[in-house]
Amino acid sequence: MNVVTLSGGVGGARFVRGVCDVVAPRDVTVVGNVGDDLEVLGMHVSPDLDSILYALADLSDEQRGWGRADESWQALGTVAALGGETWFLLGDRDLGLHLVRTQALHDGEPLSAITARIARKLGVDAVLLPATDDRLRTWISTASGEITFQEWFVARQHRDEVDGLRFEGAADAAPAPGVLAALAAADLILLAPSNPYVSVAPILAVEEIRAAVAARTVPCVAVSPLIGGRAVKGPADRMLARLAGGTSPRHVARCYEGLIDALVVDESDAHDLGGLGDVRPIVARTLMRDADARRRLAEAALGRVLT
Ligand code: FO1
């Protein structure tokens, strides 16, 4: 069974790992968000692709939620001592990946090819594709102006309320090689429990990807990132309240209007399933505390297709 998952970082990466525990990883394609990408200290960082890579290679720092386990920070210490930029934390092990990717990009290799090469080296069998090889960047509108995603998320700890989003470059971005073919060959499309606005929307902002999902002939199942109307981590609940008018399953489903057939919701949200229309609710425990929980959630999302 071919499964395509559209995913952001952290929560999405955990979910993708669960999917790979249930379906043969070779049959799993992950389309990752690149709207969070940034250049820092001269390096191209792709946080969401890296969170997925590290999760699938079993290298993630589970506590921190991003970056590598067993990390050290010597290089960043030198950067700080020399008065360099340290707002975006890059660990020593992580830096190695950014060096390789940045050099390859400078040499003209597309992000998708570099990502595939790094995935192979890390022993990842699933196919990981950036949504696009073109430049696509998420900008956040706040009361104090428009700022880049990472300035809002990391530097300002996402404390500014979001008035709107812009996906720079999306209108001209082409899906990365393999994305449309994977969607065409999919038996099931999944939207990971990532933030609909800043993690999944930048992927769907690539028009041909959105059109392919909209025109699907196979089920598309989204997993809500909310538990009891709250985000496990991050600003998804505040954004849904402000931009969609609430944090119920129907508000999550509305972010994916015309794109999903089912929505996996947490047991704690099962009392409020009104307004879902044609979207079928699948009630499950969605907190991915450990490997078993990850696998159970993946099984719930895959359930109907697997049986
Ligand atoms: N998140 C932070 O909150 N602070 C950081 O300094 C930070 C550094 C970082 C470095 C590499 C990487 O792959 C991810 C990193 N993240 C950091 C996480 C990242 O900014 C976000 O979790 C995602 O962009 C949102 O999905």
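Just follow the structure's listing: the first ligand is 1, and inside any ligand the first atom is 1. Since the model is a prediction, treat every value here as computed from it, not as a measurement.
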Checklist entry - Considering only heavy atoms of Asp48, which atoms of ligand 1 have at least one such atom less than 4.0 Å away? => result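 Those qualifying, in numeric order: 23 (C), 24 (O), 25 (C), 26 (O).
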
Checklist entry - By number and element, which atoms of ligand 1 are closer than 4.0 Å to a non-hydrogen atom of Asp36? => result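 Under 4.0 Å from Asp36, ligand 1 has these atoms: 23 (C), 24 (O), 25 (C), 26 (O).
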
Checklist entry - Do Asp50 and ligand 1 have an N or O pair less than 3.5 Å apart? => result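 Looking only at distances, the answer is no, because the N/O contact criterion of under 3.5 Å is not met.
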
Item to check | Region of Val198 engaging ligand 1 - heavy atom pairs below 4.0 Å | outcome: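 Neither part.
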
Between [X] and [Y], is there a donor-acceptor pair closer than 3.5 Å when you use the side chain of the first and the backbone of the second?
X      : Y      : value
Asp48  : Gly9   : yes
Arg280 : Val221 : no
Arg101 : His44  : yes

For [atom], grab the closest protein heavy atom and report residue, atom and distance to one decimal in Å.
atom                    : value
atom 20 (O) of ligand 1 : Gln150 OE1, 3.0 Å
atom 21 (C) of ligand 1 : Phe153 CE2, 3.6 Å
atom 11 (C) of ligand 1 : Asp94 OD2, 3.3 Å
atom 15 (C) of ligand 1 : Trp66 CE3, 3.4 Å
atom 13 (O) of ligand 1 : Pro47 CA, 3.4 Å

Scan the side chains in residues 147-156 for donor-acceptor partners under 3.5 Å anywhere in the protein, sequence neighbours excluded, and list what turns up.
unit_1	atom_1	unit_2	atom_2	d
Thr148	OG1	Glu151	N	3.2
Gln150	NE2	Asp36	O	3.0
Trp152	NE1	Asp160	O	3.0
Arg156	NE	Asp160	OD1	2.9
Arg156	NE	Asp160	OD2	3.1
Arg156	NH2	Asp160	OD2	2.8

Item to check | Interatomic spacing from CD in Glu161 to CG in Leu243 - rounded to 0.5 Å | outcome: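 Reported value, rounded in 0.5 Å steps: 9.0 Å.
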
Checklist entry - How long is the gap from CZ on Arg14 to OG on Ser51, to the nearest 0.5 Å? => result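 If I round to the nearest 0.5 Å, the distance is 9.5 Å.
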
Next on the checklist: Tell me the nearest of Asn195, Asn33, Leu89, Val154 to atom 3 (O) of ligand 1, using heavy-atom distances.
Outcome noted: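 Heavy atom nearest to atom 3 (O) of ligand 1 belongs to Val154.
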
Checklist entry - In the hydrophobic cluster built from side-chain contacts under 4.5 Å, what are the other members alongside Val232? => result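 Same cluster as Val232: Ile227, Leu287.
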
Checklist entry - Taking the non-hydrogen atoms of Phe149, is any one of them nearer than 4.0 angstrom to ligand 1? => result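 True for this residue.
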
Next on the checklist: I need the minimum non-hydrogen distance between Val265 and Thr286, along with the two atoms involved.
Outcome noted: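 The answer is C-CG2, 3.9 Å.
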
